Amino acid sequence: QVRLVESGGGLVQPGGSLTLSCTASGLSDDYAIGWFRQAPGKGREGLSCITTGNTYYADSVKGRFTMSRDDAKNTVFLQMNGLKPEDTAVYYCNADVRMRSGGPTYPYWGQGTQVTVSS
């Protein structure tokens, strides 16, 4: 029943900005949600995640990307500034959800949105 839908990707010049959105449904009240990306020829790289009271950023994006949430809209965002060609990738929203107290978490993924940084 968990659904994650990303949007906001596109083509941007180096130094530009984009904001990605992920709208979620079906989550419990015990989860972590964040952003990953997969560049051509690379594995998936964790970028940022939010848990209760904490936000994490990977070194590769720290200081350039900012994650936020709008609880009223059931949406999280990734504000990306100072984009570089090496940021080109498919960006995925991910949630690790615990459906039962003391039980395991399960990962859920959105469909991905393409970000291309090129002059």
Side-chain angles (χ1 to χ4, degrees):
Q1 297 298 310
V2 175
R3 300 288 186 271
L4 303 172
V5 181
E6 304 100 329
S7 63
L11 175 65
V12 65
Q13 293 185 339
S17 298
L18 283 175
T19 299
L20 307 182
S21 300
C22 173
T23 299
S25 61
L27 299 179
S28 72
D29 60 357
D30 188 0
Y31 65 93
I33 190 164
W35 292 92
F36 289 68
R37 68 185 180 189
Q38 187 164 19
K42 304 288 187 178
R44 286 192 182 185
E45 175 190 11
L47 302 177
S48 181
C49 68
I50 291 178
T51 62
T52 302
N54 295 283
T55 305
Y56 165 83
Y57 297 98
D59 288 342
S60 60
V61 303
K62 190 176 299 182
R64 298 189 298 123
F65 291 10
T66 302
M67 189 173 177
S68 62
R69 64 193 302 165
D70 185 338
D71 290 337
K73 298 181 179 179
N74 300 313
T75 301
V76 297
F77 305 92
L78 186 67
Q79 175 68 48
M80 306 185 295
N81 299 318
L83 285 163
K84 307 173 182 179
E86 53 262 42
D87 294 318
T88 296
V90 178
Y91 284 69
Y92 296 91
C93 183
N94 165 262
D96 284 331
V97 183
R98 195 187 314 277
M99 294 299 186
R100 178 179 62 83
S101 180
T105 60
Y106 296 90
Y108 296 90
W109 296 89
Q111 82 286 351
T113 185
Q114 176 71 47
V115 173
T116 302
V117 184
S118 176
S119 61

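If you're wondering where the values come from, they're calculated on a predicted model, not measured in any experiment.
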- Query: Between Met67 and Val76, is a side-chain contact (heavy atoms from CB on, under 4.5 Å) present by the stated rule, with each step listed?
  - Reply: CA-CA 7 Å; Met67 189 173 177; Val76 297; 4.1 Å; yes
- Derivation and outcome, side-chain contact (heavy atoms from CB on, under 4.5 Å), residues Asp70 and Phe77: CA-CA 8 Å; Asp70 185 338; Phe77 305 92; 3.8 Å; yes
- Message: Evaluate Leu83 against Phe65 for side-chain contact (heavy atoms from CB on, under 4.5 Å), listing each step before the verdict.
- Response: CA-CA 9 Å; Leu83 285 163; Phe65 291 10; 3.9 Å; yes
- Message: Determine whether Trp35 and Cys22 satisfy the following criterion, side-chain contact (heavy atoms from CB on, under 4.5 Å), listing intermediate values before the conclusion.
- Response: CA-CA 9 Å; Trp35 292 92; Cys22 173; 3.7 Å; yes
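Atom CD1 in Ile33 sits 12.5 Å away from atom OH in Tyr108 (nearest 0.5 Å). We find the CG-SG distance between Leu78 and Cys93 to be 9.5 Å, quoted to the nearest 0.5 Å. Atom OG of Ser119 sits about 10.0 Å away from atom CG of Leu11, to the nearest 0.5 Å.
Side-chain contact between Arg69 and Ile50 is present, with at least one heavy-atom pair separated by less than 4.5 Å. With a 4.5 Å cut-off on side-chain heavy atoms, Ser17 and Gln79 count as touching. Using a 4.5 Å heavy-atom threshold, the side chains of Leu27 and Val2 count as touching. Looking at Thr66 and Tyr57, their side chains come closer than 4.5 Å, going by heavy atoms from C-beta outward. Between Pro85 and Ser118 the shortest side-chain heavy-atom distance does not fall below 4.5 Å. The shortest side-chain heavy-atom distance between Met99 and Thr105 does not fall under the 4.5 Å cut-off. When side chains are defined from C-beta on, Arg37 counts as touching Ser60, because their heavy atoms get closer than 4.5 Å.
Side-chain N/O atoms of Thr23 and Thr75 include a donor and acceptor closer than 3.5 Å.
Annotation: Glu86, atom CD; neighbour count of heavy atoms from other residues, nucleotides and ligands within 6.0 Å is above 12.
Taking every heavy atom of both residues into account, Ser7 and Thr113 meet most closely at C-OG1, 4.3 Å. Nearest heavy-atom pair, Thr55 versus Ser48, reported as atom, atom and distance to 0.1 Å: CG2-OG, 4.2 Å. Smallest separation of non-hydrogen atoms from Asn94 and Pro107: ND2-CB, 4.0 Å. Between Ala24 and Leu4, the shortest heavy-atom contact is CB-CD2, 3.5 Å.
In terms of the side chain to side chain donor-acceptor pair (under 3.5 Å) criterion, Tyr92 has no residue partners (sequence neighbours excluded).
The pair Asp87-Lys84 does not meet the salt-bridge criterion, since no charged nitrogen lies less than 4.0 angstrom from a carboxylate oxygen. Between Arg100 and Asp30 there is no salt bridge, since none of the side-chain N atoms of the basic residue sits less than 4.0 Å from a carboxylate O of the acidic one.
Checked options Gln114, Glu6, Met80; the residue passing with Tyr91 is Met80 (criterion: side chain to side chain contact (heavy atoms under 4.5 Å, CB included)).
Taking hydrophobic clusters as Ile, Leu, Val, Met, Phe, Trp and Tyr residues chained together by side-chain heavy-atom distances below 4.5 Å, Tyr31 shares a cluster with Leu47.
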